[in-house]
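These numbers come from the heavy atoms of this one structure, side chains and all, not from hydrogens, waters or symmetry mates.
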Amino acid sequence: MHEFQQLEDAVIAALEPLKAQGLKTLAPYSGELEAEDIISITRLFPCVYVLSGGMKASPEGRNSRAEIEITAFVGDRNVRGSAAAAREGTTGMGVYGMLEAVRKQLHGKKVLPGWLPMMLDEETPLVYAPKQGVCIYTATYKTMSLRRL
């Protein structure tokens, strides 16, 4: 199994406790958040989609250092607009609260044997749609492994 799939599955497993806080959708990302599709998938909010964003590899003697980015797409909605989606959302947690919850589950935590703990790299807005009441942020984490070639 490719490292992308292993890490995505491990991150999803680490985020599973968020379902008890009202998270409706936790899944690998498959393009669900394209601009034209956002309105049709709001019934799946609040959501976290997980995607391996790429790998950088560099040789280190007989080993290879692999660094992988994992991005969590965190989205919610609120009929009172995107600001309310960011702060309150459909469950009272909102996107900001979900970003914090994701950070507590991932940052500094080892999710897969042989890989260093996940480290938060960036949180940034992706979609802020006031008329639709939708707010989506991305949270990008990095991890690294040193393996024999």
List the atom pairs, donor and acceptor, that lie under 3.5 Å between side-chain atoms in residues 93-105 and the rest of the protein, sequence neighbours left out.
residue: Glu100; atom: OE1; partner: Arg103; partner atom: NH1; Å: 2.9
residue: Arg103; atom: NE; partner: Glu123; partner atom: OE2; Å: 3.4
residue: Arg103; atom: NH2; partner: Glu123; partner atom: OE1; Å: 2.8
residue: Arg103; atom: NH2; partner: Glu123; partner atom: OE2; Å: 3.1
residue: Gln105; atom: NE2; partner: Ala14; partner atom: O; Å: 2.9

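Note on ring orientation: taking the six-membered ring where Trp is involved, the planes of Tyr29 and Phe73 are parallel (angle under 30°, cut-offs 30° and 60°).
Judged by distance alone, with hydrogens and angles left aside, the side-chain atoms of Thr124 form no donor-acceptor pair with the main-chain N or O of Thr138 at under 3.5 Å. Between the Ser145 side chain and the Gly114 main chain, a donor and an acceptor come within less than 3.5 Å of each other. When atom types are taken as modelled, the side chain of Thr25 and the backbone of Leu44 share a donor-acceptor pair closer than 3.5 angstrom. Proximity of a side-chain donor or acceptor of Glu8 to a complementary backbone N or O of Ser52 within less than 3.5 Å is detected.
Of the listed residues (Leu7, Val50, Val48), just one forms a side chain to side chain contact (heavy atoms under 4.5 Å, CB included) with Ile12, and that residue is Val50.
We find the CD-CH2 distance between Glu3 and Trp115 to be 5.5 Å, quoted to the nearest 0.5 Å. With rounding to the nearest 0.5 angstrom, the CG atom of Leu116 is 13.5 Å from the NZ atom of Lys142. Taken from OG1 in Thr140 to CE in Met119, the straight-line distance is 14.0 Å, to the nearest 0.5 Å. In this structure, the separation between CD1 on Ile70 and CZ on Phe4 is 8.0 Å, given to the nearest 0.5 Å.
The two atoms that bring Ala10 and Leu112 nearest to each other are CB-CD1, 4.1 Å, heavy atoms only. Across Pro46 and Gly22, no two heavy atoms sit closer than the pair CG-O, 3.3 Å.
A 4.5 Å side-chain heavy-atom check between Met55 and Glu67 finds every atom pair outside the cut-off. With contacts defined as side-chain heavy-atom distances shorter than 4.5 Å, the pair Tyr141/Val111 does not qualify. You'll find the side chain of Leu106 stays beyond 4.5 Å of the side chain of Lys109, heavy atoms only.
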